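Accompanying notes for the structure given below.
Keep in mind that this is a model prediction, so the values were computed, not measured. Labels below follow one simple rule: chain letters A, B, ... track the order of the sequence lines, proteins then strands, and each chain is numbered from 1.
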Amino acid sequence: MDRFAAHDADRSPPPEPGLPHEELNEPQARAASHAAGPLLIFAGAGSGKTRVIVYRIANLIVTHRVPPYRILAVTFTNKAATEMKRRLEGLIGADIVKDLWVGTFHAVCARLLRRHHEAAGLDKNFIIYDDDDQRAVMNRVLKELNLDDRRYPPRQVLSRIHAEKQEGRGPAEFERKGYFDDAIARCFEAYERHLKAASAVDFDDLLLSVLRIAEDPTSFAGEDLRGRFRHVLVDEFQDVNQVQYRLVRAFCKSHDNLCVVGDDDQSIYRWRGADVRIVRGFRRDFPHATVVKLEQNYRSIGHVVRGALGVIRHASDREPKELWTANQDGTPIDVVAADSEHDEAAWVVEGVRELIAQGVSPNEIAVFYRIHAQSRVLEEVLREARIPYQIIGGTRFFERAEVKNLLSYLRVIANPKSDVDLNRIINVPARKIGQSTVDKLIQAADLLGVSLFEAIDPILEGRVPPSAMPGGQLPPLAPAAKRSLLGFRDLILGLMTEAKSASPSALAEEVLARSGYAKALEQEDSVESEARLQNLRELVQSLVDYEQEAIAAGDEATLAGYLERVSLVSDVDALADVPKVAMMTIHAAKGLEFHAVFLTGMEEDLFPFRSQDPNRKGDIEEERRLAYVAITRARERLWITHAARRAIFGQTRYGLPSRFLADLPPASVRPIATPASMMAQRRVEGGFGGGGGYAASGLRFGGQERSWEGRERRPGAQAQGEERFAGARFSREGEPARGAMGRSMDVPDRAPGERYVEREAVDPGAEGGEGLALRRGMRVYHERFGPGVVESVDPGADPIATVKFSGWGKKRIKVAFLRAGP
DNA sequence: CCTAGCCATGCTGAT
DNA sequence: CATGGCTAGG
C-alpha cells in the first residue's frame, strides 16, 4: 500500500466492490470506469483525482484491453508522471507501465520530435534552449539587425515572441500593431532563423513543432501523430494553453477518447498562456462529453477546507461546485501577525521545531511564499536552527555557471551547430580567445551563413570571401589568436570522436580533463572554486545515475537523451523524498500536499502580488485562486503569517494584511500576534494617547458572540485557544449586523494584533481622551473595512482621516470610527 | 587579452 | 539586493 493510502487510511472513501487495490467513491468510480468518448472531470482540491486517473488507466488496459503504448497521459510535472507510474506499477506491473506514454507536454513532445525531427527540419541531436540561451540568441539578433537593445530590451522582445508562439503563431502570422512591431517582426524572423540554424528549439517550439506536424494533413509524420494514441488523458487541464489544447485535439483526431481532469479554481498559470476558457468551454467543444464532479475532499481537516472555500467563494465566474469534507474540523487556521520578515521567519522556525518535536517528519512540513525573494530570510533562520530543509526552485543547480559550462561542452559535442553553447565555452577555461576574436568569428559565420564552429576553419585559412565584406577585408587574426582557435577546434573534434565510443559520463570526465577546466578550478584553490568542482562532480554523478536508469529501463543511454532530460526538469521534480522541510513558491506547490503548511507573506501588494511597474497589471482573480491552492495543500495544520514591515527588493515596505485573510471564515481562524508584533503595537498605541483611545473612538468592549449565516456557524467543538480570545471581541454600538453586508461578514472578528489589545488596552471604564492622535502611516482598524493605513488627517472638532484599506482602497473616515490596527 | 571593481538596473510566477 | 554589463588598469 502506498504512503498516501497508508496515511489517509482513516478517511479513505468507502470500498467499491469489484475494484481491487484501490477504493473509490461513486463519482470516482464512474470516472474511472468510463470506457470511451470525451470525459470531463472537475476534481476539487484533495478529491483524489490522481487515484481516479491511475485507476482509469489500469481499467483501460486490464478491462478494455487497450495496449499501453496506445495510451497517453499528460501530467503537469515530471514528478507527477513518476508518481503516477509508480502507483500504476502497483496495479498492473512495471512491464506494462513502461510502455505507457506518461509525461509533461514538453517531455512527450520532445520524445515525439526526436522521432519526427526531419519533418520539423531539425537534426536528430537538436538542442533545447532555455531562457538564458534564448536571450543570448536575441542579443546576437539585435546586434545583427542594428537595433538598440535599450529601445528593444531582449527580454521584452522575447516575451512578445513567446506570447505569439503560445497562441500558435510564427513570424509569418505575426500581426503588426504599429511601427514598434516592425522591429519585433524582424527580430522574430531572425530569431527563428538562428534557432533553426543551430538545430535548436525553445520551449515553445517543442510543442509548436509537434503541433505543426500533427496538424499537417499531408505528411506521413502527421498521420503517425494523429493515429498514435487511442486514449488521451490530461491532468491539470485548467492550465493548458491554446497550443496544448490543439495538440490534444490533433492526437484525438480519429476518436474522441479524451479524458481531461481539472479544477478551474486552481488555474494559476494564466500569465504563461494557460486559458481557463478551455476547460470552461470543453462542453461546448464536446457536447456529448460525460461530466463528473469530484467534490468530496479527503485531504484536509474541516477548518482548512472551509478556509479555502471562504477565499474561493468570492471568485468571479467559476464552475458551480461545492467542495465539502467529512473529515473532522481539527485545529483552526492560525493567522499570525508578525512585526517584520525576520520576526515572521523566527515564528515559522519555532513552529517547525515544535512540529518536529511532536514527531512530525520534516518532509511533511512545507513553507510557502509568493515570490522566491522571500526565501532567503527563512532559509537563514532554518539553517541557524539546524533544521534540514530543501528549497525548490530559485537559483537552481542547472543554472550555476560551471554546470552550464560543462553542459555546453556536451551540447556542442552533440550538436556543434549550437552557437550559444559554443560561445559560452570557447574561452572557458581562459584560453586567450577574447571578445575581439569571437567577434571576428561571428562576422565570418554570418558572412558564410554557417555556424560558429563551421566558421573556424575558413577563418583560420583566410577563406572568408573579401567581396562579402562591406568596406574591405575581414581584419586578420593575430597568430596567437589563430593558435588558440586551432587548439579549441582540435579539442572539440577530439571529444566528438571520443563521444562515439565513450558513455556520456565518461565523456563528461574527458571534457573536464582535456579542456583543462578541472585543472583551472583546482589551481584557483578558493572556497568558490572548490564548490564549483563539487558541483561538477555532482553533474557527472547525475550522468551516471541517468545511465543506470536507462539500463534498468532497457533503453540506450545517449548524450542527447540526457541533455533533453536536464532541459526539461522542473523545479518540483527536484523535491526529494528525504526528511527535510520543503520551501517553495505556491506555484511550485501545486499538486502537492503536506501535513503542516506555513503560508508566509500574506500581505497586500505581496500576496496578492502587485508589480511596482504600473504598466503591468496584476490579476487579482488569479491571485485569489493561488491563495486557494496554497491553503488546500495543508492536511492537518495551517499557519498563515503576515508582517507589518518587510525589507524586500532593497527597500522596506509597510504592508497591510492581505485581503484574502478577511475572507477566511472567522470560526475557522485563530488570530495570533508574535511578541515582537505586540511590542510594536504597544508603540503605536502610545501614539494614540494611551489606552483611553478606544473608549474615545466609540468602540465598546462587546464580548457578545456574533452569529453567521448558513454553514459557517461556529462549530460546537471549540478549539483550545479560541477561548483565550473569546472575550476580546469588539462591536460598535449601533453597527448593523455584519452578516448583512456581503463579503464583510467574513472579516475576522479579531484583527491580528488584537491579542495585545485584549490584554493591555481594553478597559471599558478608562477615561476617554480627546480623540485619536493619528499620524500619516499609522495602522488603524475599521469595523467594516478592516485594517488600513492613515494617509492624511483633516483636523477639527470631528477629525476625518483618509485611510487606505486593503481591498477597499482609500476611504475618508471619521477618526471616531477608527481604532489602533494591526 | 584578462580581471577586478564599479555602476546600474530590474523585481512575480516556470516547462 | 544580486546580477550583469562596462571600464580602466595590469
Side-chain angles (χ1 to χ4, degrees), chain A residues 74-81 103-110 128-132 134-136 139 149-150 153-156 159 162 165-166 201-208 236 239-241 243-244 267-274 368-377 392-396 398-401 427-439 477-478 480-481 484 524 564-574 584-590 601 605-613 616-619 622-623 625-626 629-630 647-653:
Chain A
V74 183
T75 58
F76 199 70
T77 60
N78 296 306
K79 185 181 158 63
T104 64
F105 273 109
H106 289 88
V108 167
C109 284
I128 301 163
Y129 276 1
D130 68 9
D131 297 6
D132 265 5
Q134 285 174 263
R135 229 171 51 218
N139 280 330
D149 61 357
R150 296 178 65 84
R155 297 179 78 109
Q156 274 179 42
S159 93
H162 174 58
K165 288 172 107 168
Q166 266 180 164
V201 294
D202 61 22
F203 285 124
D204 298 321
D205 290 333
L206 227 33
L207 310 192
L208 211 45
E236 307 283 7
D239 281 324
V240 302
N241 64 30
V243 169
Q244 292 165 337
S267 163
I268 55 174
Y269 281 99
R270 230 178 72 154
W271 52 273
R272 66 167 210 208
F368 297 164
Y369 33 81
R370 177 64 181 79
I371 61 174
H372 287 299
Q374 289 168 252
S375 69
R376 220 195 68 242
V377 178
I392 307 306
T395 353
R396 295 170 288 196
F398 288 106
E399 277 168 17
R400 291 169 200 273
N427 202 31
V428 175
R431 53 171 71 91
K432 307 217 180 286
I433 303 177
Q435 199 53 57
S436 58
T437 307
V438 173
D439 282 345
L477 283 178
S484 308
E524 200 183 308
E564 176 180 307
R565 194 162 86 151
V566 298
S567 298
L568 297 178
V569 287
S570 73
D571 290 341
V572 258
D573 297 340
M584 66 189 86
T585 64
I586 301 157
H587 283 92
K590 175 166 130 154
D605 293 354
L606 183 59
F607 194 5
F609 185 87
R610 199 182 51 169
S611 172
Q612 299 302 98
D613 180 354
R616 269 220 287 256
K617 49 184 194 304
D619 183 342
E622 181 139 320
E623 297 288 316
R625 295 190 294 266
L626 195 57
V629 169
I648 201 160
F649 296 149
Q651 58 177 348
T652 301
R653 288 191 191 172

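- A close approach under 4.0 Å does not occur between any side-chain nitrogen or oxygen of Thr77(A) and OP1 or OP2 of dT15(B).
- Closest approach to the His372(A) side chain among dC1(B), dA14(B), dC2(B) is made by dA14(B) (side chain taken as heavy atoms from C-beta onward).
- If you check every strand for non-hydrogen atoms under 4.0 Å, Phe76(A) touches nothing.
- Distance from the side chain of Thr104(A) is smallest for dT15(B) among the nucleotides dC1(C), dT15(B), dC2(B).
- Residue contacts for Ile433(A): at a heavy-atom cut-off of 4.0 Å it reaches the sugar-phosphate backbone alone, with no base atom in range.
- A straight line from CZ of Arg270(A) to C1' of dG13(B) spans 14 Å, rounded to a whole angstrom.
- Among the atoms of the strands shown, base atoms are found under 4.0 Å from some heavy atom of Asp131(A).
- Side-chain contact, Asp573(A) with Ser570(A): a donor N or O sits under 3.5 Å from an acceptor N or O.
- Proximity of His106(A) to the phosphate of dA14(B): no side-chain N or O atom is located under 4.0 Å from OP1 or OP2.
- Residue side chain Phe649(A) fails the stacking definition with respect to dC11(B), as its ring centre and the base's six-membered ring centre are not both under 5.5 angstrom apart and under 30 degrees in plane angle.
- Regarding Ile371(A), its CD1 atom lies at a distance of 7 Å from the C1' atom of dC11(B), rounded to whole Å.
- The residues Arg270(A) and Asp619(A) are annotated as salt-bridged, a charged nitrogen and a carboxylate oxygen being separated by less than 4.0 angstrom.
- In this entry the distance linking CZ of Phe609(A) with P of dA14(B) reads 12 Å, nearest Å.
- What separates CZ of Arg155(A) from P of dG5(C) is a distance of 11 Å, to the nearest Å.
- OP1 or OP2 of dT15(B) has at least one side-chain nitrogen or oxygen of Ser570(A) nearer than 4.0 Å.
- Look at CD on Gln435(A): it is 15 Å from P on dG4(C), rounded to the nearest Å.
- Nearest-nucleotide mapping onto DNA chain B: of Phe203(A) and Lys432(A), the residue sitting toward the 5' end is Lys432(A).
- Under 4.0 Å is where a charged nitrogen must lie from a carboxylate oxygen, and between Arg610(A) and Glu623(A) no such pair does.
- For Ser611(A), no side-chain nitrogen or oxygen approaches OP1 or OP2 of dC11(B) to under 4.0 Å.
- Atom CD in Glu399(A) sits about 12 Å away from atom C1' in dT3(C), given to the nearest Å.
- In this structure the side chain of His372(A) never reaches within 4.5 angstrom of the side chain of Met584(A), judged on heavy atoms.
- One atom, CZ of Arg565(A), and another, C1' of dT15(B), lie 16 Å apart when rounded to the nearest Å.
- Put simply, Arg135(A) has no side-chain N or O that comes within less than 4.0 Å of OP1 or OP2 on dG4(C).
- Considering only side-chain N and O atoms, Asn241(A) lies nowhere under 4.0 angstrom from the phosphate OP1 or OP2 of dT15(B).
- His106(A) is not listed as a side-chain neighbour of Ile128(A), based on a closest heavy-atom distance of 4.5 Å or more.
- Separating the P atom of dC11(B) from that of dC6(C) is a span of 16 Å, rounded to the nearest Å.
- Ring to ring, Phe76(A) and Tyr269(A) are close: their centroids are under 6.0 angstrom apart.
- Nearest-nucleotide mapping onto DNA chain B: of Ser436(A) and Tyr269(A), the residue sitting toward the 5' end is Ser436(A).
- Among dT15(B), dG13(B), dT12(B), the nucleotide with an atom closest to any side-chain atom of Trp271(A) is dG13(B).
- At whole-Å resolution of the value, CZ in Arg431(A) and C1' in dT3(B) are 18 Å apart.
- Taking only side-chain atoms of Arg370(A), from C-beta outward, the nucleotide of dC1(B), dG13(B), dC2(B) with the closest atom is dG13(B).
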